[in-house]
**Q** 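My questions will all concern the structure given below.
Note that the structure is predicted; figures quoted are calculated from it, not measured. The chain is numbered in sequence order, starting from 1.
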Amino acid sequence: MTRRRIAHSFLYLFLAAGLALFIGFIAAPAITRSLAIVHEGVLTKIHAVQARGQAIWREIQARQAIRQYELQQRQPMPRNQVQQTAEQQLLKDTAWKRFYIPPEACKHPDVEDRFEICVLREAQFRKEFDRRWAAGRFAQPKS
């Protein structure tokens, strides 16, 4: 080997070592930090989507439970009684809509906690309404 080739070999070795040190001490931590930031952002979005999905699932389950309860309450009855019951339910539904007007934040809850608060609030109002309805404090049809 000539001196020139040896000099070039050492130069390439020196450059390779410098590049390895650059990647090891400067570029790798920067890349790691960047990836960690991206990973955090993705996790945040995933958690938000999961929370919204869980809220939707709870809402579906609540609606199914209400529907199941309503189906269990139905029993065969004479035609005139069906009409009377339907009229009474219409009056009750109208009174409920006047009694409970959800706040703006509960019309489209954006986070899981807000959804739970809204459901609890509506349940409290429903309980109070049903108590008053049973006591005859609203206009009920004569049976």
**Q** Would you call Asp93-Arg98 a salt bridge at under 4.0 Å N-O?
**A** no
**Q** Nearest 0.5 angstrom please: Ile101 CD1 to Cys106 SG, how far?
**A** 13.0 Å
**Q** Do Phe115 and Ile56 share a hydrophobic cluster, counting only Ile, Leu, Val, Met, Phe, Trp and Tyr and linking them when any side-chain heavy atoms are less than 4.5 Å apart?
**A**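 No, Phe115 and Ile56 fall in different hydrophobic clusters.
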**Q** Report whether Leu91 and Phe99 are members of the same hydrophobic cluster (ILVMFWY, side-chain heavy atoms less than 4.5 Å apart, transitive linking).
**A** yes
**Q** If you round to the nearest 0.5 Å, how far is CD1 of Ile46 from CG of Leu43?
**A**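 Going from the CG atom of Leu43 to the CD1 atom of Ile46 covers 5.5 Å.
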**Q** With under 30° as parallel and over 60° as perpendicular, where do the rings of Phe129 and Trp96 fit, or are they tilted in between?
**A** perpendicular
**Q** Provide the closest heavy-atom pair for Pro102 versus Lys107 in the form atom of the first, atom of the second, distance.
**A**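 Of all heavy-atom pairs spanning Pro102 and Lys107, the closest is O-CE, 3.7 Å.
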**Q** Other residues, nucleotides and ligands only: do more than 12 of their heavy atoms fall within 6.0 Å of CD on Gln61?
**A**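 Correct, the count exceeds 12.
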**Q** Evaluate the side chain to side chain contact (heavy atoms under 4.5 Å, CB included) criterion for residues Tyr100 and Gln124: first the C-alpha distance (whole Å), next the side-chain angles of each, then the deciding distance (0.1 Å), finally the verdict.
**A** CA-CA 10 Å; Tyr100 179 73; Gln124 289 172 342; over 6 Å; no
**Q** Taking only Lys NZ, Arg NE, NH1 and NH2, and the carboxylate oxygens of Asp or Glu, determine whether Arg126 and Glu122 approach each other closer than 4.0 Å.
**A** no
**Q** Give me the atom names and distance for the closest heavy-atom approach of Ala105 to Cys118.
**A**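 What the structure gives for the nearest pair is O-SG, 4.3 Å.
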**Q** If you count the non-hydrogen atoms of other residues, nucleotides and ligands that lie under 6.0 Å from CZ in Arg131, is the total more than 12?
**A** yes
**Q** How many angstroms lie between CG in Leu90 and NZ in Lys92, if you round to the nearest 0.5 Å?
**A** 13.0 Å
